A.B. asks: 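Got a structure for you, questions after.
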Amino acid sequence: CAPIILHIILSSSSTYTIPPTVVMVGPSNAGKTSLLTLFERGSSDTETHTSQISQSVELNASTDSSSKTSFRNHEATDGTYTKFLLIDTPGHGKLRNSALGKLNRSEKLHAVVFVVDAAALGEQETLAPTAAYLYDVLLFLQKRATTSAKSKAAIPILIAANKMDLFTALPSTLVRSNLEAEITRIRASKSKGLLDSGVGSDEIGSEEQDSWLGEYGSSKFTFSQLQEFEIEVDVIPGNVTGDGPGADKWWWWIAQRI
Ligand code: GDP
């Protein structure tokens, strides 16, 4: 049900430092808790339930090339491993501020994973709230990247297009374009009047420009516009249950960024 935070502690370090963190967010029912359970136990058989409190698990990921795409919760008896702490926080709409707060407070945030239900994204009633949440997360990351004061590195984001085992699942190209189209609409409605006012962009306050997601003044939003802020956005299909590509590519994406 909820945003999940992965704290990664390098097991090789002898002194405890603030662990690198990967935060997993997304709307309710996307499959975050299922994915947490899969990463923790190697299967998602256990019933997940909507929780109002955060939960966390510690994981070990192999860094050996032969098993690096395996997300099994390894016993660290051979090879080298990266230790993760996953924190699952509520994803309910009213509690999203606390999820964004977690992003904000994560000193060593390395990446964000935004889980979506690809089987429901063809429906406007799922697409609209999913895109609205993603818009908030992307704008947060963009503002963070442009805040020079703290000289923080830009944070990459993975859009995990989940539930690819279902026949209603949209291919990841459509997941991408549907989200881009909906964010285009959201962006336009947030800036209503601003661009139509005939005021040149150099006359518009920097505050307005800072609140514009992506390329300023562009009519169509695309994820690639975030490259300007060095924010990498990837859409990768997968599934937690059933038959499909599975979760290996997500795991590998995370492993590359910690
Ligand atoms: P959360 O609210 O984002 O944490 O979502 P949950 O993990 O609670 O999952 C919501 C529902 O989607 C549950 O019934 C899961 O069993 C189901 N689910 C999660 N992942 C998949 C998947 O890959 N395929 C299918 N078919 N169902 C999934």
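Scope of the values below: all heavy atoms of this structure, side chains included, with no hydrogens, waters or symmetry mates. Here the structure is a predicted model, which is why all the values come from computation and not from measurement. Index from 1, following the sequence. Every number for a ligand or one of its atoms is a count from 1 in the order of the listing.
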A.B. asks: Under 4.0 Å, heavy atoms only, figure out whether ligand 1 is touched by the backbone of A119, its side chain, both or neither.
C.D. replies: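 No part of A119 comes within reach of ligand 1.
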A.B. asks: Going only through I, L, V, M, F, W and Y residues with side-chain contacts under 4.5 Å, is there a path from I159 to L174?
C.D. replies: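 Linked within one cluster.
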A.B. asks: Within the 4.0 Å heavy-atom shell around L166, which atoms of ligand 1 are there?
C.D. replies: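 Answer, ordered by atom number: 26 (N).
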A.B. asks: Can you list the ligand 1 atoms lying under 4.0 Å from a non-hydrogen atom of S34?
C.D. replies: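 Selected atoms, number and element: 6 (P), 7 (O), 9 (O), 15 (C), 19 (C).
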A.B. asks: Assess A30 for proximity to ligand 1: is some non-hydrogen atom of it under 4.0 Å away?
C.D. replies: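 So A30 counts as touching ligand 1.
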A.B. asks: For a side chain to side chain contact (heavy atoms under 4.5 Å, CB included) with Q225, tell me which candidate from F221, F229, F223 qualifies.
C.D. replies: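 Result for side chain to side chain contact (heavy atoms under 4.5 Å, CB included) with Q225: F221.
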A.B. asks: Within a distance under 4.0 Å of any heavy atom of N239, pick out the atoms of ligand 1 and give their elements.
C.D. replies: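 Those of ligand 1 that fall under 4.0 Å from N239 are 23 (O).
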A.B. asks: Output yes when a side-chain donor or acceptor of K32 lies under 3.5 Å from a complementary backbone atom of G26, and no otherwise.
C.D. replies: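 Yes: the side chain of K32 pairs with the backbone of G26.
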A.B. asks: Please work out, at 4.0 Å between heavy atoms, whether the side chain, the backbone, both, or neither of T241 comes within that distance of ligand 1.
C.D. replies: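 Looking at T241 and ligand 1, atoms from backbone and side chain both fall under 4.0 Å.
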A.B. asks: Would you please determine whether G242 falls within less than 4.0 Å of ligand 1 on a heavy-atom basis?
C.D. replies: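 Contact check G242 vs ligand 1: negative.
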A.B. asks: For the CD atom on E230, are there more than 12 heavy atoms of other groups (residues, nucleotides or ligands in this structure) within a distance under 6.0 Å?
C.D. replies: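 Open: at most 12 neighbouring heavy atoms sit under 6.0 Å from CD of E230.
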A.B. asks: Donor-acceptor pair, distance only, cut-off 3.5 Å: does the side chain of N239 make one with the backbone of G246?
C.D. replies: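 Checking the backbone N and O of G246 against the side chain of N239, a donor-acceptor pair under 3.5 Å is found.
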A.B. asks: Given that the side chain starts at C-beta and the backbone is N, CA, C, O, which of these parts of N29 lies under 4.0 Å from ligand 1, counting heavy atoms, or is it both or neither?
C.D. replies: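 It is both parts that get close, each with some atom under 4.0 Å.
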A.B. asks: Does an N or O from S28, backbone or side chain, lie closer than 3.5 Å to an N or O of ligand 1?
C.D. replies: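 S28 vs ligand 1: no N/O contact under 3.5 Å.
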A.B. asks: Please state which part of L35 comes within less than 4.0 Å of ligand 1, counting heavy atoms only: side chain, backbone, both or neither.
C.D. replies: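 Neither part.
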A.B. asks: So, is V240 polar-close to ligand 1, with some N/O to N/O distance under 3.5 Å?
C.D. replies: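 N/O-N/O distance under 3.5 Å: yes.
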A.B. asks: Could you tell me whether the side chain of P171 reaches within less than 4.5 Å of the side chain of M164, counting heavy atoms only?
C.D. replies: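 Heavy-atom side-chain distance check fails, nothing below 4.5 Å.
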A.B. asks: Could you tell me whether ligand 1 has any atom less than 4.0 Å away from a heavy atom of P27?
C.D. replies: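 It does; at least one heavy atom falls under 4.0 Å.
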A.B. asks: Q142 side chain to L226 main-chain N or O, any donor-acceptor pair under 3.5 Å?
C.D. replies: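 Checked: no pair found.
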A.B. asks: Treating Ile, Leu, Val, Met, Phe, Trp and Tyr as nodes and any side-chain heavy-atom pair under 4.5 angstrom as an edge, say whether L166 and L121 lie in one connected cluster.
C.D. replies: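 They do not share one cluster, since no chain of ILVMFWY contacts under 4.5 Å joins L166 to L121.
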A.B. asks: Just going by heavy-atom distances, which of D165, V116, D117, L38 is nearest to atom 26 (N) of ligand 1?
C.D. replies: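 Minimum heavy-atom distance to atom 26 (N) of ligand 1 goes to D165.
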A.B. asks: Numbering the atoms of ligand 1 from 1, which are under 4.0 Å from a heavy atom of K32?
C.D. replies: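 What qualifies from ligand 1 is 1 (P), 3 (O), 4 (O), 5 (O), 7 (O).
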A.B. asks: Is it the case that the side chain of W251 and the backbone of I254 share a donor-acceptor pair, with hydrogens and angles ignored and the cut-off at 3.5 Å?
C.D. replies: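 No, because the side chain of W251 does not come within donor-acceptor range (under 3.5 Å) of the backbone of I254.
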